[in-house]
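So the structure is just underneath, and the comments pick up after that.
Numbers restart at 1 for each chain; the letters A, B, ... are given by sequence-line order, proteins then strands. Atom set for the values below is all heavy atoms of this structure, side chains included, hydrogens, waters and symmetry mates excluded.
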Amino acid sequence: MAPGQTTLPVRDYDLAATLDSGQVFGWRERSGSWTGVIGCRPVRLTPTLDAIEVETPGPVTQWDWLAGFLQTEVRLESILQTFPDDPPMRRAAAACRGLRVLRQDPWECLASFILSSTKQIVQIRQIVALLRERFGDPLAALAGEPPAFSFPSPEQIASATESQLRECKMGFRAPSLLAAARMITDGHFDLQRPAHLPRLEARGELMRLRGVGPKIADCVLLFAYGHDSAFPVDVWVARALQQLYFPRRRATEKRLQKFAETHFGPHAGYAQQYLFHYMRTKNPQRAAD
DNA sequence: TACCAGGAGAGCG
DNA sequence: CGCTCTCATGGT
């Protein structure tokens, strides 16, 4: 096999659902293959029946970074078993079988979700793409693909001006992104720290950053720091909880948060991602009424 | 056109 | 705590 290619055996892995469920914003599908960038490597992923075919430019000696990002070694069945056994959860789990929670780079995840507030997923993708092109490093391209760019580092963002960032269509989120980048480059925020803290302390740490509230903090805890019990409540998930679990009475945001803490178990974040993807893709009309 | 989007923060009672 | 307003931009 060529040095830039490998085959990753997988089971219970729905690559499309995983890459298109609003946890990452830099992946595109074309004729059955997904292309994106992990760290400084452009990657093309092609799912087959029981594996993922992988292609990346240049020689590669080990693939830990890829298995880590894709979380291919996680036994999905043992996670699904911890979901509550109620009708809504059974429906969501059945509808999204193979959906995984990725393990992303903390900075890229944090920055992306700072940009996500009150934005549609298509728009977040556009903002992130502009950021990469204008402030990231150009990378060796995959055969047949346009040039790719790394996600700009905190240093690269910190050296930009607010108006340059606003030109990437991020609007009022620009000062928050800039402040976060500067906190990191100035040594006032340690990206490694949340990795070693209990979930609630890590959450508080992230919320020191301007533009990072409970929801965005929970997204970063779940998608980057591996806190599986973090349960981000956005408009879609709030709607899902309201309609599926409290159809008769109106529940406050705080009530929903508290319910989620106790109801979904140790992998609540996984359950949340299933509910989110289910509501957005499989059951859109239910979201309307 | 009017409304909404993987929210957060500030002001108010 | 709970409510309301603003922030910027694009899709539907």
Could you check how far [atom1] of [X] sits from [atom2] of [N], rounded to whole Å?
X	N	atom1	atom2	answer
Phe231(A)	dG6(B)	CZ	P	17 Å
Leu206(A)	dA8(B)	CG	P	12 Å
Ile121(A)	dT9(C)	CD1	C1'	16 Å
Leu177(A)	dA8(C)	CG	P	16 Å
Phe172(A)	dC5(C)	CZ	P	17 Å
Ile114(A)	dA5(B)	CD1	P	21 Å
Ile127(A)	dG11(C)	CD1	C1'	13 Å
Leu130(A)	dA8(C)	CG	C1'	15 Å

What does [X] touch in the nucleic acid at a heavy-atom separation under 4.0 angstrom: a base, only the sugar-phosphate, or nothing?
X	answer
Phe223(A)	base
Arg173(A)	base
Lys169(A)	sugar-phosphate
Val237(A)	base
Ser112(A)	nothing
Leu209(A)	sugar-phosphate

| Integer angstrom distance from the P of dG2(C) to that of dG6(B) | 26 Å
| Whole-Å P distance, dT1(B) and dG11(C) | 16 Å
| note | DNA chain B nearest-nucleotide lookup for Lys119(A) and Gly211(A): closer to the 5′ end is Lys119(A)
| said: On DNA chain C, does the nearest nucleotide to Thr118(A) precede the nearest nucleotide to Val122(A) from the 5' side, or the other way round? Give the residue. | reply: Thr118(A)
| said: Counting the benzene-type ring for Trp, do Phe113(A) and Phe25(A) have ring centres under 6.0 Å apart? | reply: yes
| said: If you take the centroid of each ring, where Trp contributes its six-membered ring, are Phe276(A) and Phe223(A) closer together than 6.0 Å? | reply: no
| task | May I ask you to evaluate whether Arg239(A) reaches the phosphate of dA5(B), defined as a side-chain N or O under 4.0 Å from OP1 or OP2? | result | yes
| Does any donor-acceptor pair link the side chain of Gln273(A) with the base of dG6(B) at a separation under 3.5 Å? | yes
| field | N/O donor-acceptor pair, side chain Gln123(A) with base dG10(C), under 3.5 angstrom | value | yes
| task | Step by step, work out the side-chain hydrogen bond (donor to acceptor under 3.5 Å, both in side chains) result for Glu53(A) and Thr48(A). | result | CA-CA 7 Å; Glu53(A) 302 292 339; Thr48(A) 64; 4.6 Å; no
| Phe69(A) vs Trp27(A) aromatic rings, parallel, tilted or perpendicular, using cut-offs 30° and 60°? | parallel
| Closest to the Ile216(A) side chain, choosing from dA8(C), dG6(B), dA8(B) | dA8(B)
| Which atom of Asp14(A) lies closest to which atom of Arg97(A), heavy atoms considered | CB-O, 3.7 Å
| Is the closest side-chain heavy-atom distance between Arg125(A) and Val128(A) below 4.5 Å? | no
| Verify stack between Trp236(A) ring and dG6(B) base, 5.5 Å, 30 degrees | no
